[in-house]
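Have a look at the structure below before the remarks.
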Amino acid sequence: MDELDRMAVEFFSGRVVRKDLTALMKRSANVPTFVLEYLLGMYCSTEDEEALAEGLERIRKILTNNYVRPDESEAIKSKIRELGQYTVIDKVSARLDEYADRYVASFTNLAIEPFIMPEEYVRSYGKILQGGIWCIMRIEYLQPYDDDALADAFDEEAPVRRKPAGKKRGPEDSPFRVASLKPIQMPNLDLEGMIGLRQHFTTQQWMDLLLRSCGYEPDALSEKQKMHFIARMAPLAERNFNLCELGPRGTGKSYVYKEISPYSILLSGGQTTTANLFGRMNSGRLSDPAARTGLVGHWDCITFDEVAGMRFRDVNAIQILKDYMASGSYARGRDQLNADASLVLEGNINDTVANVLKTTHLFDPFPPEFNNDSAFFDRIHLYLPGWEVPKMRSDLLTGHYGLITDCLSEFCHEMRRRDFTHLIDRYFRLNNDFNRRDEIGVRKTFGGMAKLLFPDQQMTKEDVEMLLEYAIEGRRRVKEQLKTMAGVEFNDVNLGYVDAENPAENHVVYVPEQSHDALVPEGEQLPGFVFGIGPSLESGEVAVYRLENKAVAGEFDFKTEGVGRSKPVKESMEAAFQFFDNNAGRVAAGMHAHERDYLLFYNDLQKKGHSAELSLAEFVGLCSAACNRPVVPSMVIPGVLRMSGTLDEVRNLEEVLRVAKNAGAKKVLLPMSCLQDLAQVPSVLLESVSPEFYATGDAVSAAKKALGL
C-alpha cells in the first residue's frame, strides 16, 4: 500500500477495493463490475494471502451457483421450487400499481412472472423504482396446495384452489415471494459527505484516485493522458454533453461506458433505430416511459461504438439527432420532448494523424451520410484525440485501491444535477473568435471535468486555467476540421481566453497535431518569395499559396515546379511571365531582367488544390526576384492578371480578408476600386489586416507598392 491507498482506505472505508482483484475475476466471470466488487468487498478485504485465496474461491462458487444468467433461468426456477428457498443475484425493478395499491416487481435475467415487492424494501432502497437495483435476494416458493399432506392422511382428495370466475391471474397469485433482499449497488449516496472528503486530497491525489477507481495506474500516464481519461468520464457527470473520440484500436475507448456506470449504454457497431433512440411516434398511447422517450430519456450516457458502422434506416434520423445534440430536445409526432442523455461517438482512425490531415479531415471515419454535414459535427463539444491515449497494456492496469465502481458511478450520476460552467468567469473571459456553439462546448467540457476533479468548487486560478485550456483545445480541434470541410464559415479558429484582470492579453490555444505557426510569417522573406491568395479550382475555397521565384544567370527562360497538369493554372503563370517580359523595366530600371532564367516553385500551403487566380502575385514575385528586392513583409496579394495586361475585379473581399487574417497576414494588396466594398467588411478584419492600395487596373503600380518602390 502506498500513501494514496492508505488515504483511500481511511476516508472511504467500505467503499474501496483492490482493482487488480477485479481484473482477475473479470477474466473468468462475465458479470457486471459492481457485482464483482461488492463480493470482493465482502470476502477479500484482507492482505492475508490464504484468506484472499479462500475468498476468491468462495466468490467463484457464488457466481456459479447464484448469479442468474438468462439461459439458466428455468434451472434456477426449478431450484427455488425444489428447495423451497434459494438465493439469487440479479437486477430487480419495481413499479407502483396504483389501482391495486401495491408494488409489482420483476427481474432482469430470471424469467418469472411479476410478483409482489414488500413495501419496506421499496422505502429503504428507492433505486428499485428508478430503473432497478442489483441485489442478493432470497426467494421462497409457496406450493399452491399446502394441505396435500393433510388430505392424504384422511384419505381425501386434495382440495383445488380455483380462481374466481372472470378473474385474471395477477402478481398476488405468484408462488414466488421475497424472503430477504440485500442491495449490491449502493442504495443511497451521501453526496455532500463525499464532496466533503475532497478537501483531504490534493488535486493530483484526487485525480489519481479517480483513475485508479477506473482501473488505471496513474504513475504510467503523462499529465495530458490523465486529462484524457478524466475527459472520458465527463459525459457521465455532465448533462447533454457531446464527445467524439477517434483513434487507434486497443486504447480502451469504450471501457468506461461499458463497465463503470450502470447508467450508461454502449451501442456496439453504432447501430440503432430512430424509435429505439428517440421513442415511438405513437408514444401518446404507450404507458412504458422507455418506449415514449427512447434511450435518450432512459440513460445518462449513450455511446455509439465504431461510428463507421452508424446506420439509420430513417433518413430523418440524423436531423433529429442534430436537433437533440444542439438543444437537448426533439420532436416525435405531436410531442416536443426533452432528455438529458450525453452522447459519445467513438471510432478508429486507420492511419497516422499527419497523413489523415494531409488528405482529408479527422472526421473522415464517419459514414458518408455524415461526412459532409458540417452542421452535425459543429454540435460536438469535445474532440478527444485518441491517438494521444496509450494502448492498454499490463503496466497501465493498477493493483492499488480505488473506489468501488458503484460509488464512482453514483457520484457521477448525482453530480449531473449541478452546474459548474460559470466557474470560468471567476478569472477568465473567452475571446472574440468564440461563437455561441463554441462557448457552449467549452463550458460543458469545463463543467464536466470540474465536477469530477473539484466537486467542492474550491478551484484556484491555475486550476481553472488548466481545465479551460484543455476544453478550448478539444473544441478547437472540432473547428479546425470544420474549417477544412466547409471553409470560410468556420475560419474563426483562434479560440482563446483573456485574463479578467488583464483584458489586453489574449491567450490563443492551439491543437498540437496542426502547426500553429502562421502561414504568412511576420519577418521579411527572400527576394522572389510572394504570398498569393485565391480560390481553389477543386473546391472553390479561398486559400493562401507561396510562390517561390528564383532568378539565375541565363537567357530569359521560365521553368515551373509544383504547378501540376492543370491547364488554367499553367496559363495563369504564363500570363504573369508574359506581362513581366513586356513590363519589367517599368517596375525598376536597370534590373536586367532578360539576362536571367526564372525558376518558380508553386507551394500549395493548405493542401486545398491549385488556384488559377494568382497571376498578379506571380508577376510581383518575378519582379522581386529580378531586382533582388523582397516583398513587403506579411503581405498577401489577390488578383488575376490577364495576358493582355488587364486585371480582373477582386471578388469575395470579406472571405479574402478572413482567410488572410487566419493565415497570419498583416497586409493585403488591393486596387482602389475595393474602397467601396470595404465598407461592408467587419471592422475586426480590417483591424487585423490593413489594405495597401494601388491604382485600379495598373499591375505595374501594384508591383511597385508590393516592393516598396
Side-chain angles (χ1 to χ4, degrees), residues 189-211 213-214 226-243 256 260-261 263-264 300-301 325 327-328 338-344 379-384 403 407-430 434 436-475 495-500 507 509:
L189 175 71
D190 180 7
L191 181 62
E192 294 301 330
M194 187 168 178
I195 291 174
L197 294 174
R198 169 65 177 87
Q199 64 181 317
H200 301 290
F201 297 79
T202 65
T203 298
Q204 194 61 61
Q205 287 173 333
W206 185 260
M207 181 186 291
D208 290 352
L209 179 62
L210 292 178
L211 293 172
S213 300
C214 292
K226 290 181 183 181
M227 293 289 283
H228 292 331
F229 281 105
I230 296 296
R232 282 179 173 176
M233 300 167 62
L236 303 176
E238 182 71 19
R239 292 176 175 176
N240 299 112
F241 181 52
N242 306 321
L243 180 146
V256 168
I260 298 301
S261 176
Y263 298 105
S264 175
D300 283 358
C301 179
M325 292 172 70
S327 63
N338 295 292
D340 295 333
S342 296
L343 298 182
V344 177
R379 287 155 167 78
I380 292 174
H381 300 140
L382 173 71
Y383 190 131
L384 197 156
L403 297 173
C407 178
L408 179 62
S409 65
E410 285 300 315
F411 169 71
C412 293
H413 178 68
E414 292 298 322
M415 290 300 293
R416 290 174 70 86
R417 306 173 188 271
R418 308 194 174 197
D419 180 20
F420 281 27
T421 58
H422 62 282
L423 299 181
I424 295 174
D425 303 323
R426 289 181 179 176
Y427 304 106
F428 301 104
R429 304 289 181 267
L430 304 178
F434 272 82
R436 181 61 179 160
R437 283 189 179 154
D438 298 331
E439 181 176 351
I440 291 172
V442 167
R443 287 188 180 275
K444 280 191 170 289
T445 303
F446 175 90
M449 298 182 71
K451 290 177 186 179
L452 293 165
L453 293 175
F454 305 97
D456 55 2
Q457 301 190 29
Q458 300 303 308
M459 302 180 70
T460 66
K461 186 175 183 178
E462 290 72 24
D463 295 331
V464 173
E465 188 170 23
M466 172 185 69
L467 295 186
L468 180 58
E469 286 198 355
Y470 185 88
I472 293 176
E473 180 188 312
R475 175 59 189 176
L495 305 182
Y497 59 94
V498 296
D499 193 319
H507 300 268
V509 179

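We count residues from 1, following the sequence as given.
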Nearest 0.5 Å please: distance from the [atom1] atom of [X] over to the [atom2] atom of [Y].
{"X": "Leu211", "Y": "Ile230", "atom1": "CG", "atom2": "CD1", "value": "4.5 Å"}
{"X": "Asn242", "Y": "Met325", "atom1": "CG", "atom2": "CE", "value": "4.0 Å"}
{"X": "Ile472", "Y": "Ile424", "atom1": "CD1", "atom2": "CD1", "value": "7.5 Å"}
{"X": "Leu452", "Y": "Trp206", "atom1": "CG", "atom2": "CH2", "value": "10.0 Å"}
{"X": "Leu210", "Y": "Phe229", "atom1": "CG", "atom2": "CZ", "value": "13.5 Å"}
{"X": "Leu468", "Y": "Leu430", "atom1": "CG", "atom2": "CG", "value": "6.5 Å"}

Whether the side chain of [X] engages the backbone of [Y] through a donor-acceptor N/O pair (distance < 3.5 Å, no angle test) should be reported.
{"X": "Asp340", "Y": "Arg239", "result": "no"}
{"X": "Thr445", "Y": "Ala471", "result": "no"}
{"X": "Arg437", "Y": "Ile380", "result": "no"}
{"X": "Ser342", "Y": "Phe241", "result": "yes"}

* To do: Could you please spell out the steps behind the side-chain contact (heavy atoms from CB on, under 4.5 Å) verdict for Val498 and Phe428?
  => CA-CA 6 Å; Val498 296; Phe428 301 104; over 6 Å; no
* To do: Could you walk me through whether Asp463 and Leu467 pass the side-chain contact (heavy atoms from CB on, under 4.5 Å) test, one step at a time?
  => CA-CA 7 Å; Asp463 295 331; Leu467 295 186; over 6 Å; no
* **Residues Arg443 and Asp425 bridged, charged N to O under 4.0 Å** =>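 Answer for the salt bridge query: yes.
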* Starting from the C-alpha separation in whole Å, work towards a yes-or-no answer on side-chain contact (heavy atoms from CB on, under 4.5 Å) for Met227 and Glu473. => CA-CA 12 Å; Met227 293 289 283; Glu473 180 188 312; over 6 Å; no
Would you say that [X] contacts [Y] through its side chain, given a criterion of any heavy-atom pair below 4.5 Å between the two side chains?
{"X": "Glu410", "Y": "Tyr263", "result": "yes"}
{"X": "Leu243", "Y": "Arg232", "result": "no"}
{"X": "Phe446", "Y": "Val464", "result": "yes"}
{"X": "Leu236", "Y": "Ser409", "result": "no"}
{"X": "Leu408", "Y": "Met233", "result": "yes"}
{"X": "Leu453", "Y": "Met459", "result": "no"}
{"X": "Val509", "Y": "Tyr497", "result": "yes"}

* Asked: Who pairs with Asp300 by side-chain hydrogen bond (donor to acceptor under 3.5 Å, both in side chains), at least two apart in sequence or on another chain?
  ->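 By the side-chain hydrogen bond (donor to acceptor under 3.5 Å, both in side chains) rule, Asp300 matches His413.
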* To do: Identify, with sequence neighbours excluded, every residue that meets side-chain hydrogen bond (donor to acceptor under 3.5 Å, both in side chains) alongside Gln204.
  =>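 Testing Gln204 for side-chain hydrogen bond (donor to acceptor under 3.5 Å, both in side chains), a comparison that skips the adjacent residues, returns Asp208.
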* **Option passing side-chain hydrogen bond (donor to acceptor under 3.5 Å, both in side chains) with Asp499 (candidates Lys461, Arg429, His507)** =>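 For Asp499, the side-chain hydrogen bond (donor to acceptor under 3.5 Å, both in side chains) test succeeds with only one of Lys461, Arg429, His507, which is Lys461.
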* To do: List in chain and number order the residues that pass ring-ring contact (aromatic ring centres under 6.0 Å, His included) with Phe434, two or more places apart in sequence or in another chain; answer none if no residue qualifies.
  =>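 For Phe434 there are no ring-ring contact (aromatic ring centres under 6.0 Å, His included) partners, ignoring immediate neighbours.
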* Could you tell me which residues satisfy ring-ring contact (aromatic ring centres under 6.0 Å, His included) with Phe420, sequence neighbours excluded, listed by chain and number? =>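 For Phe420, no residue satisfies ring-ring contact (aromatic ring centres under 6.0 Å, His included) once neighbours in sequence are set aside.
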* Atom of Ala237, atom of Gly448 and distance for their closest heavy-atom approach ->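 Heavy atoms of Ala237 and Gly448 come nearest at CB-O, 4.2 Å.
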* Heavy-atom pair of closest approach, residues Ala231 and Leu382 ->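 Heavy atoms of Ala231 and Leu382 come nearest at CB-CD2, 4.0 Å.
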* Please list all pairs passing the side-chain hydrogen bond (donor to acceptor under 3.5 Å, both in side chains) test where one or both residues lie in residues 189-201, with sequence neighbours left out. =>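 Applying side-chain hydrogen bond (donor to acceptor under 3.5 Å, both in side chains) to every pair that reaches into residues 189-201, excluding sequence neighbours, yields Glu192-Arg418, Arg198-Thr203.
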* What salt bridge (charged side-chain N to carboxylate O under 4.0 Å, His left out) pairs are there with at least one residue in residues 446-457, not counting sequence neighbours? ->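 Qualifying pairs, neighbours excluded: Glu238-Lys451.
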* To do: Applying side chain to side chain contact (heavy atoms under 4.5 Å, CB included) between Asn240 and each of Lys444, His381, Arg416, report the one that passes.
  =>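 When Lys444, His381, Arg416 are each tested with Asn240, the side chain to side chain contact (heavy atoms under 4.5 Å, CB included) holds only for Lys444.
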* Asked: Run the side-chain contact (heavy atoms from CB on, under 4.5 Å) check on Met194 and Leu403 step by step: do they pass?
  -> CA-CA 11 Å; Met194 187 168 178; Leu403 297 173; 3.6 Å; yes
